[in-house]
Asker: 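Quick one: the structure is below, and I'll ask about it shortly.
What you are looking at is a predicted structure, and each value in this text was computed from that prediction instead of being measured.
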Amino acid sequence: MKKRAIFLDRDGVLNEDHGYVGQMNRFDIFPYAGQALRALVDKGFTLILVTNQSGVARGYFTMEDTRLLHAHLCGEMKKHGVDFADIYVSYCHPDQPDEFRKPSPKFLFMAAEKHQIDLASSYVIGDQASDLKMAQSAGCRAVLVRSGAGAKTEKIPGVKFDYIFENLLEASKNLI
């Protein structure tokens, strides 16, 4: 039997987006993130993080910096009984995108195969147009949160989404 998943963007969804967040002193996890993710797990969702981190290609921080941030994030979420089934990161520069950089749905297809996920009953939660496009390309439902860049993304002509919420906590209470 296939699982339902929540594919989560990182910056602006799980933590404050200070722009190219690569160092621990700039990694501010939203205080409600653990509670929100716990609610989604309790609803039977598998959690998968999908993030673009072009700060590596730009030389602002390293892959190891990103790994350390994700280890910290996982440790903080574990306090709420939450684990990510997987974490997918594209480190490339937007001017030279690889085949995985959002809005590419490739990471979602890989996760679906690896974790037996039904994409049609899954959601992507993000704050950028690229998150929403990735969702649509993979056949997932697109959820825009106004945290991070979401309030600006909402106003971009032609941007499409299935649901909109103030933040991840509100989304976690309303998605079924």
Asker: Taking salt bridge (charged side-chain N to carboxylate O under 4.0 Å, His left out) as the cut-off, I'd like each qualifying pair that reaches into residues 84-95, sequence neighbours left out, listed once.
Answerer: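 Matches after skipping sequence neighbours: D86-K114.
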Asker: If the condition is side-chain contact (heavy atoms from CB on, under 4.5 Å), which residues does I164 pass it with, not counting sequence neighbours?
Answerer: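 Applying side-chain contact (heavy atoms from CB on, under 4.5 Å) to I164 gives L144, R146, E154, F161.
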Asker: S54: what forms a side-chain hydrogen bond (donor to acceptor under 3.5 Å, both in side chains) with it, not counting sequence neighbours?
Answerer: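 For S54 the side-chain hydrogen bond (donor to acceptor under 3.5 Å, both in side chains) partners, ignoring immediate neighbours, are R58.
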Asker: Do the side chain of D162 and the main chain of A142 share a donor and acceptor less than 3.5 angstrom apart?
Answerer: yes
Asker: Ignoring hydrogens and angles, tell me if any N or O in the side chain of Q136 forms a donor-acceptor pair with the backbone of K160 under 3.5 Å.
Answerer: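 Flag set: sc Q136 to bb K160 pair under 3.5 Å.
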Asker: More than 12 non-hydrogen atoms from neighbouring residues, nucleotides or ligands closer than 6.0 Å to NZ on K43, yes or no?
Answerer: yes
Asker: To the closest 0.5 Å, what do you measure between CG (D17) and OG (S147)?
Answerer: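 D17 CG to S147 OG: 9.5 Å, rounded to 0.5 Å.
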Asker: Can you see which heavy atom on S172 is nearest to which on A36, and at what distance?
Answerer: CB-O, 3.3 Å
Asker: So if you build clusters from Ile, Leu, Val, Met, Phe, Trp, Tyr with side-chain heavy-atom gaps below 4.5 Å, do V159 and I125 land together?
Answerer: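 Result: no, two separate clusters.
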Asker: Same hydrophobic cluster for Y91 and I48, using side-chain heavy-atom links shorter than 4.5 Å among ILVMFWY?
Answerer: no
Asker: At their closest point, which heavy atom of V145 faces which heavy atom of A171, and how far apart are they?
Answerer: CG1-CB, 4.5 Å
Asker: Taking C-beta and beyond as the side chain, do D98 and S90 meet within less than 4.5 Å on heavy atoms?
Answerer: yes
Asker: Holding to side-chain contact (heavy atoms from CB on, under 4.5 Å), I want the full list of residues that pass it with D42, two or more places apart in sequence or in another chain.
Answerer: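 D42 satisfies side-chain contact (heavy atoms from CB on, under 4.5 Å) with R38 once adjacent residues are dropped.
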Asker: Is V56 reachable from L73 through a run of I, L, V, M, F, W or Y residues, each pair having side-chain heavy atoms under 4.5 Å apart?
Answerer: yes
Asker: Could you list the residues that satisfy salt bridge (charged side-chain N to carboxylate O under 4.0 Å, His left out) with R4, not counting sequence neighbours?
Answerer: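 Expected list: none.
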Asker: At their closest point, which heavy atom of T153 faces which heavy atom of A129, and how far apart are they?
Answerer: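 Minimum heavy-atom separation between T153 and A129: CG2-N, 3.5 Å.
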Asker: Mind checking whether I6 and Y88 sit in one hydrophobic cluster, side chains of I, L, V, M, F, W, Y counted as touching below 4.5 Å?
Answerer: no
Asker: Taking only residues two or more places apart in sequence or in another chain, which ones pass salt bridge (charged side-chain N to carboxylate O under 4.0 Å, His left out) with D127?
Answerer: none
Asker: Report whether V89 and L47 are members of the same hydrophobic cluster (ILVMFWY, side-chain heavy atoms less than 4.5 Å apart, transitive linking).
Answerer: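 Yes, it is one cluster - the side chains of V89 and L47 are joined through contacts under 4.5 Å.
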Asker: Applying side-chain hydrogen bond (donor to acceptor under 3.5 Å, both in side chains), can you list everything that pairs with Q53, at least two apart in sequence or on another chain?
Answerer: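 Q53: side-chain hydrogen bond (donor to acceptor under 3.5 Å, both in side chains) contacts with R10, D11, T51.
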Asker: Where is the tightest heavy-atom contact between C74 and I87, given as atom of each residue plus distance?
Answerer: SG-CD1, 3.8 Å
Asker: What pair of heavy atoms forms the shortest contact from L108 to V124, and how long is it?
Answerer: CD2-CG2, 3.7 Å
Asker: Could you measure the distance from the CG atom of N15 to the CD atom of E76? Nearest 0.5 Å is fine.
Answerer: 12.0 Å
Asker: Test: ring pair (Phe, Tyr, Trp, His ring centres under 6.0 Å). Region: residues 26-55. Which pairs qualify, not counting sequence neighbours?
Answerer: F30-Y32, F45-Y123
Asker: Going by heavy atoms in the side chains, are V143 and L175 under 4.5 Å from each other?
Answerer: yes
Asker: Which residues satisfy the salt bridge (charged side-chain N to carboxylate O under 4.0 Å, His left out) test with R26, sequence neighbours excluded?
Answerer: none
Asker: Quick one: do R67 and E64 satisfy salt bridge (charged side-chain N to carboxylate O under 4.0 Å, His left out)? Show the steps, please.
Answerer: CA-CA 5 Å; R67 190 195 67 72; E64 179 62 12; 2.8 Å; yes
Asker: As an exercise, state the distance from CG of N52 to OG of S104, rounded to the nearest 0.5 Å.
Answerer: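 It comes to 9.5 Å.
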Asker: Determine the minimum heavy-atom distance between A149 and Q128, stating which atoms define it.
Answerer: CB-NE2, 3.4 Å
Asker: Salt-bridge test for K173 and E170: reply yes if a basic N is under 4.0 Å from a carboxylate O, no otherwise.
Answerer: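 No, K173 and E170 are not salt-bridged.
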Asker: May I have the step-by-step check of side chain to side chain contact (heavy atoms under 4.5 Å, CB included) for L14 and D9, ending in yes or no?
Answerer: CA-CA 7 Å; L14 294 171; D9 177 42; over 6 Å; no
Asker: Can you name the salt bridge (charged side-chain N to carboxylate O under 4.0 Å, His left out) partners of K152, sequence neighbours left out?
Answerer: none
Asker: List the residues meeting side-chain contact (heavy atoms from CB on, under 4.5 Å) with K2, not counting sequence neighbours, and say none if there are none.
Answerer: Q116, D118
Asker: With side chains defined as the heavy atoms from C-beta onward, is the minimum distance between D131 and F7 less than 4.5 Å?
Answerer: no
Asker: Please check: side-chain N/O of K102 versus main-chain N/O of V50, any donor-acceptor pairing under 3.5 Å?
Answerer: yes
Asker: Pairs in or reaching into residues 49-69: which pass ring pair (Phe, Tyr, Trp, His ring centres under 6.0 Å), with residues at least two apart or in two chains?
Answerer: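 For residues 49-69: Y20-Y60.
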Asker: Are R141 and S122 packed together at the side-chain level, in the sense that at least one heavy-atom pair is separated by less than 4.5 angstrom?
Answerer: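 Counting from C-beta outward, R141 and S122 never come under 4.5 Å.
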Asker: Check whether any side-chain heavy atom of H70 sits under 4.5 Å from a side-chain heavy atom of F84, and report yes or no.
Answerer: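 No, their side chains stay 4.5 Å or more apart.
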